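These notes concern the structure reproduced below.
Not measured: the values here are computed from a predicted model. Below, chains carry the letters A, B, ... as their sequence lines are ordered, and counting in each starts from 1.
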4 protein chains.
Amino acid sequence: MSGNTFGQIFRLTTFGESHGLGLGGVVDGCPSGIPLDESIIQSELDRRRPGQGGLASTTRNEPDQVRILSGVFEGRTTGTPIGFFVENTNQRSHDYSKIKDVFRPGHADFSYNAKYGFRDYRGGGRSSGRETVSRVAGGAIAQELLRLEGISIYAYTVEFGGIKAEVKDMEGAQDRSYFSPDPDIVGTWDERVIKVRDDEDTLGGVVEVRATGLPAGLGEPVFGKFDARIAAAFMSVGAVKGVEIGSGMGAARSLGSENNDPIGPDGFLSNNAGGILGGISSGQDVVARAYVKPIASILQEQQTITTKGEPTFIMVGGRHDISAIPRINPVLKAMMALTIADLLLLDRRLGVRD
Amino acid sequence: MSGNTFGQIFRLTTFGESHGLGLGGVVDGCPSGIPLDESIIQSELDRRRPGQGGLASTTRNEPDQVRILSGVFEGRTTGTPIGFFVENTNQRSHDYSKIKDVFRPGHADFSYNAKYGFRDYRGGGRSSGRETVSRVAGGAIAQELLRLEGISIYAYTVEFGGIKAEVKDMEGAQDRSYFSPDPDIVGTWDERVIKVRDDEDTLGGVVEVRATGLPAGLGEPVFGKFDARIAAAFMSVGAVKGVEIGSGMGAARSLGSENNDPIGPDGFLSNNAGGILGGISSGQDVVARAYVKPIASILQEQQTITTKGEPTFIMVGGRHDISAIPRINPVLKAMMALTIADLLLLDRRLGVRD
Amino acid sequence: MSGNTFGQIFRLTTFGESHGLGLGGVVDGCPSGIPLDESIIQSELDRRRPGQGGLASTTRNEPDQVRILSGVFEGRTTGTPIGFFVENTNQRSHDYSKIKDVFRPGHADFSYNAKYGFRDYRGGGRSSGRETVSRVAGGAIAQELLRLEGISIYAYTVEFGGIKAEVKDMEGAQDRSYFSPDPDIVGTWDERVIKVRDDEDTLGGVVEVRATGLPAGLGEPVFGKFDARIAAAFMSVGAVKGVEIGSGMGAARSLGSENNDPIGPDGFLSNNAGGILGGISSGQDVVARAYVKPIASILQEQQTITTKGEPTFIMVGGRHDISAIPRINPVLKAMMALTIADLLLLDRRLGVRD
Amino acid sequence: MSGNTFGQIFRLTTFGESHGLGLGGVVDGCPSGIPLDESIIQSELDRRRPGQGGLASTTRNEPDQVRILSGVFEGRTTGTPIGFFVENTNQRSHDYSKIKDVFRPGHADFSYNAKYGFRDYRGGGRSSGRETVSRVAGGAIAQELLRLEGISIYAYTVEFGGIKAEVKDMEGAQDRSYFSPDPDIVGTWDERVIKVRDDEDTLGGVVEVRATGLPAGLGEPVFGKFDARIAAAFMSVGAVKGVEIGSGMGAARSLGSENNDPIGPDGFLSNNAGGILGGISSGQDVVARAYVKPIASILQEQQTITTKGEPTFIMVGGRHDISAIPRINPVLKAMMALTIADLLLLDRRLGVRD
């Protein structure tokens with residue numbers, strides 16, 4: 001496939017560019033009879049809007065109003081494909097002359113040009129972070145399915161600009177600046193943002209995603225492992241450069257006696273596995289982390305070349321976020337929801353519960 | 001799909017259990033006319049054999065002789081599926097009574113049982129590391145295709161038991177203990193193994209995989225990104241708990257001004273991106289790292305439960321490796337080769353080079 | 001997959017219902033740089049509009065204006081997904097009370113209800129023939145790709161209401177009533193329509209689709225045969241109940257000596273194979289026929305049951321076509337185009353021409 | 001995909017050539033806990049052996065002993081892939097010089113050569129009818145799954161050499177010459193065979209496949225229709241040139257009032273639909289017919305060309321069947337079983353019964 005479809009059974013296909021008419025998608029494989037309307041999708045879309053982001057994201061207005069085009073009748077899904085579309089209302093006639101013929105460092109300009117021979121240079125086109133609007137909309141539909149199964153997903157920032165947070169309050173994080181699980185760290189993070197903004201630079205961080213209420217038995221062996229799917233799902237999000245499950249990187253530095261999770265009569269006594277054994281869920285919380293690089297668009301002169309290969313310098317102007325965090329959090333949450341919805345439906349047929 | 005097929009165009013489907021008749025696979029989608037015989041596959045299989053491993057792996061003999069069953073005629077691939085099989089010659093009648101009804105901590109026993117209702121308890125069955133024999137065989141076929149395209153892949157150990165190695169000699173690593181890129185670290189790693197073996201414990205580490213000679217333009221946008229596929233490929237290998245691309249985790253702690261790769265007239269001036277921009281190859285080396293957990297089978301008593309849920313203790317006996325490293329290295333190399341072969345064929349149709 | 005995506009590489013995903021907001025789709029996997037605008041798609045959509053149909057189709061006005069939502073920049077495809085949407089402008093507030101709780105014979109009401117538990121009863125919803133609007137739009141994009149490869153596709157009616165036509169003028173058929181390849185038969189068919197309309201009944205027929213200019217080598221062995229894909233493509237169109245390739249049904253009644261196509265120095269001396277040998281194109285014209293059942297909606301009382309299982313009678317009112325022919329012709333043409341576009345891209349990697 | 005995998009969830013991947021080491025396959029996606037051993041597969045394989053075929057097939061001995069390589073433990077499927085292999089024991093060192101450089105009319109020699117640049121000329125290699133051994137073995141596993149669901153499949157010959165049979169005894173057909181449903185026609189068919197053999201020619205026919213005990217709701221909308229999948233499944237079998245469902249071709253010549261199936265309180269009053277409405281099963285028997293061309297290998301001189309394009313004549317010698325019937329019947333039965341098994345598992349997730 002050509003990369004714009006996610007999932008095997010609960011399938012999301014997306015389309016659209018940052019400065020085209022809008023962004024949309026089709027969810028195929030959603031079971032019938034699930035209550036759904038635009039407000040449910042809208043509430044998730046609103047989570048990735050600016051403002052949510054404390055100081056780290058711009059405050060420019062992107063209403064991102066979703067419209068359901070098909071697949072819902074009398075307030076319930078019909079089992080047929082759910083089409084949706086979000087119009088781009090914010091594409092003021094920019095002046096693109098500066099980036100039209102120049103490759104922005106850290107962006108996909110160079111590689112897209114190499115692959116396709118030319119590119120939609122308006123704000124990155126398909127390679128823009130705005131593409132994630134469709135992921136969040138599709139993920140919102142997946143979360144409705146998971147809700148009926150008693151599964152919840154949380155995405156919160158455990159590290160920002162090199163400063164770690166303690167996971168004190170996972171639930172509260174959903175309504176806190178930076179989706180921080182630690183109320184006491186927000187101020188420190190704000191200072192970090194102010195400093196970096198003065199330096200005309202950008203920041204990265206680490207987001208943890210946790211799924212609770214999962215049955216044991218989700219995931220398939222070998223290539224279709226639950227954790228392999230999470231890794232693909234997270235790494236497919238533009239700014240993510242690393243993914244770990246459970247004790248993750250730490251496991252590589254620990255001893256077997258430390259890393260194994262003993263099992264007691266009431267269940268596992270630890271969760272270094274991150275809820276997944278042999279690629280299949282154990283019934284514990286599934287815990288994964290995404291390592292997010294700093295925003296590539298900085299207000300500094302950078303060395304690069306033109307599409308003709310001539311050396312030049314570029315300073316990417318415009319209003320840009322200081323960090324993909326926290327706007328990336330609902331995107332990662334959506335990817336986890338899409339992954340689980342797909343595995344849940346897949347397991348209905350392969351698992352012993354059949 | 002049910003998890004035992006990898007790839008979309010160059011597709012590997014595997015089967016077999018650790019203590020069944022053997023392990024095999026089918027490669028479908030390999031172009032016609034590629035020189036291939038059993039010795040080519042055998043040489044890769046031999047790389048994952050014990051002995052290669054310095055002190056970290058057992059020395060038990062596993063010939064793992066591969067037999068090509070179809071798809072090759074007069075020394076060349078015909079374009080039809082290449083079936084292969086490796087017989088299990090090493091399955092002495094074990095006594096499994098100890099693990100038959102007990103879940104081994106750190107193994108897939110519990111989750112497989114939850115999913116399938118029962119399991120092949122003989123040495124882990126399908127969830128055993130022996131499953132990777134089929135990956136290495138399939139990867140060997142992929143590497144023949146890549147060789148014709150001038151693409152090479154290296155897998156070497158950059159960290160073992162918490163002790164880092166310098167990448168001094170990538171090529172030599174292929175024939176060095178632990179696939180170490182640093183001749184001077186081997187002794188230290190040997191000492192680490194001796195100590196841990198005395199403690200009846202096991203070790204993890206970090207493997208770096210590098211692909212050179214790649215064209216720019218490989219990979220698809222959004223969900224089909226090159227790095228997303230590498231993440232899935234690596235994380236699908238049993239012991240891997242984390243994956244990173246290029247600067248990876250480090251990127252999350254760096255500034256945009258540090259992490260962006262400037263472009264000079266002769267190409268990129270650094271490679272924090274790991275050779276992938278927006279999910280599409282830039283023509284630089286593709287660099288990815290896998291974080292490998294310690295072997296779960298330790299010679300210590302561990303708390304667990306029986307299949308009936310009764311509390312018990314288990315000490316997993318038998319000869320076991322101290323670490324999945326270095327035997328996992330050719331497996332990760334194979335996964336990278338399979339990923340690139342698939343993207344290469346995929347790109348023949350979507351890339352501008354059409 | 002859940003049935004709403006066609007193709008493996010050149011992929012069309014469709015959505016929408018007959019009386020919802022509209023019908024749309026996403027084409028993923030279309031190579032970059034192909035000239036495309038809405039008028040190209042519109043001209044194909046106009047072919048399936050009433051009026052084209054001689055007397056057999058209603059004259060109600062369905063503008064079916066297509067809007068391209070993404071994937072095209074400066075008049076060329078970008079290689080990213082092409083989203084499109086056609087609004088339903090013709091959904092006057094019908095009175096559905098008559099069919100809401102009753103299963104119409106010959107329609108999908110009963111089976112959809114059995115599968116999904118409830119259904120969008122407005123004009124058949126997803127199971128309506130209007131679904132084919134998305135196929136024709138997607139097929140129009142495929143035909144642009146084929147045009148660049150020198151491949152043309154023709155769909156013409158070789159039998160209508162039991163009356164056969166001679167294939168005298170394949171090209172002219174595209175602009176003739178009933179897409180008839182025989183100018184002299186049109187009058188006879190008109191009389192047949194008038195008679196059947198008076199009897200308040202409906203008609204079926206046979207459509208032949210011919211692809212010219214194909215290279216030899218398209219199609220894959222075993223399950224992926226060219227003719228297997230055509231069979232699936234045609235049979236997936238609502239009213240089609242039979243498909244044949246080349247001599248088709250006739251082959252079952254002929255002798256091997258009659259049915260084999262001898263080969264002369266300048267090529268094949270006959271084409272009973274319909275241009276496909278062993279599932280792979282021979283370079284001759286690919287010829288397939290679809291057998292189309294009569295329209296299920298008739299102005300007669302029919303015995304049926306309610307959704308509660310109570311016996312009842314229904315007379316499906318409203319304006320309905322007398323036959324799916326000729327409006328089905330551009331749909332079958334589109335399905336052939338989508339099939340060939342997909343195989344063409346697939347072959348770029350597997351064929352020897354690589 | 002490259003054509004050698006069938007199904008989306010219950011997936012069969014096959015490999016092997018007529019005169020290579022053997023034929024095999026992998027069934028992935030079979031649920032766990034299904035009783036299975038080699039004898040179950042063997043009994044289906046024996047159905048496609050010569051002798052079964054009355055006079056129409058050769059009597060050469062092909063034991064075709066199947067060996068299960070994986071996926072079965074203690075007599076039940078484990079949910080992991082089931083590998084199997086059938087050795088070719090009948091490949092006496094033929095003299096292929098006659099066909100090595102000549103294209104046999106009616107065979108895939110020409111098109112395979114065009115696609116792959118060269119071919120395994122030994123008895124057709126992958127394009128030989130022997131490839132169906134893997135289909136029958138995979139289908140036998142599918143039928144075990146269907147048996148547990150109360151679904152039965154029958155394949156019987158309704159027309160042979162232009163002579164129709166009445167369906168008097170469907171069950172008995174399974175053990176009758178030609179799999180004939182009419183005991184009284186066997187003698188006539190025998191005479192036809194004797195006559196045609198004297199003429200050194202070959203015959204075709206029509207096979208009907210009927211599935212009973214199906215639930216309503218199987219199949220997916222639009223492209224994934226039940227009948228579309230049957231059409232692809234049947235047309236993928238080498239000798240099949242036409243497929244019809246229910247009234248099939250006849251529907252194209254009937255009136256809507258004749259073709260619609262009225263519904264009574266106890267169910268449908270006729271079955272012109274062949275058990276499928278809008279692509280989804282209605283709960284009636286699913287009825288499909290395959291039109292089989294005569295065997296291409298005839299004992300007559302035929303005009304053709306060499307691989308260099310020079311004109312020549314060929315007489316294909318050796319022992320060949322007079323007709324693909326009845327040996328094709330168990331193959332078509334297998335394809336129906338594989339199709340239904342896949343849809344059954346698919347529906348577990350999408351149907352309202354979830």
Given a strict heavy-atom distance threshold of 4.5 Å, which part of C:Asp199 is in contact with chain D: side chain, backbone, both, or neither? neither
Based on non-hydrogen pairs under 4.5 Å, which of C:Ala288, C:Gly250, C:Ala239, C:Gly219 is most in contact with chain D? C:Gly219
Winner by heavy-atom pair count (cut-off under 4.5 Å) against chain D, out of C:Glu244, C:Met335, C:Met235: C:Met235
Approximate separation, where rounding is to 0.5 Å, of C:Leu277 CG and D:Tyr112 OH: 11.0 Å
Can you give me the closest heavy-atom contact between D:Gly3 and C:Glu220, atom names plus distance? CA-CB, 4.0 Å
Bottom line for C:Ile276: the part with an atom under 4.5 Å from chain D's heavy atoms is backbone
Nearest non-hydrogen partners of D:Ala114 and C:Gly217, listed with the distance: CB-N, 4.4 Å
If you look at every heavy atom in D:Val222 and C:Glu131, which pair is closest and at what distance? CG1-OE2, 3.4 Å
Chain C contact via D:Ile295 - side chain, backbone, both or neither, heavy atoms under 4.5 Å: backbone
Would a distance-only check, ignoring hydrogens and angles, find a side-chain to backbone donor-acceptor pair under 3.5 Å from D:Ser257 to C:Asp201? no
N/O donor-acceptor pair under 3.5 Å between C:Lys241 side chain and D:Gly248 backbone: no
Looking at every heavy atom in both C:Ser282 and D:Phe110, which two are closest together, and how far apart are they? O-CE2, 3.3 Å
Rounded to the nearest 0.5 Å, what's the gap from NZ on D:Lys115 to OG on C:Ser281? Could you check? 7.5 Å
Which value, rounded to the nearest 0.5 Å, describes the distance between C:Phe268 atom CZ and D:Ile305 atom CD1? 7.5 Å
Between D:Gly205, D:Gly161, D:Gly283, which shows the greatest number of heavy-atom pairs under 4.5 Å with chain C? D:Gly205
Output for pair (D:Asn260 CG, C:Gln303 CD), nearest 0.5 Å, gives 12.5 Å
Between D:Gly204, D:Gly124, D:Gly256, the one whose heavy-atom pairs under 4.5 Å with chain C are most numerous: D:Gly256
Residue selection (most heavy-atom pairs with chain C, distance under 4.5 Å) from D:Ala252, D:Gly224, D:Ala251: D:Ala252
Under 4.5 Å heavy-atom distance to chain C, tell me which part of D:Asp109 shows up: side chain, backbone, both or neither. neither
Hey, are the side chains of C:Phe226 and D:Ser111 touching, using non-hydrogen atoms and a 4.5 Å cut-off? no
Examine distances only and state if a side-chain atom of C:Ser236 and a backbone atom of D:Ala228 form a donor-acceptor pair shorter than 3.5 Å. no
Apply side-chain contact (heavy atoms from CB on, under 4.5 Å) to D:Leu255 and C:Leu203, showing your working. CA-CA 5 Å; D:Leu255 297 166; C:Leu203 293 172; 3.8 Å; yes
Which of the residues C:Glu200, C:Gln302, C:Arg135 is involved in the greatest number of heavy-atom pairs with chain D at under 4.5 angstrom? C:Arg135
One option among C:Gly242, C:Gly278, C:Ala324, C:Gly162 has the most heavy-atom pairs under 4.5 Å with chain D, and it is C:Gly242
Nearest heavy-atom neighbours spanning D:Gly238 and C:Lys225: N-NZ, 4.2 Å
D:Lys164 versus chain C, the contacting section by heavy-atom distance below 4.5 Å: side chain
If you tally heavy-atom pairs under 4.5 Å between each of D:Ser247, D:Ala290, D:Pro262, D:Gly279 and chain C, the highest tally belongs to D:Pro262
Under 4.5 Å to a heavy atom of chain C? For D:Glu159 that would be side chain
Go through C:Arg126, C:Arg289, C:Met249, C:Glu310 and name the one with the most non-hydrogen pairs under 4.5 angstrom from chain D. C:Met249
Which value, rounded to the nearest 0.5 Å, describes the distance between D:Tyr291 atom OH and C:Ile245 atom CD1? 14.5 Å
Name the member of C:Ser127, C:Gly309, C:Ala273 that forms the most heavy-atom pairs with chain D at distances under 4.5 Å. C:Ala273
Distance-minimising heavy-atom pair for D:Pro105 and C:Asp261: CB-O, 3.7 Å
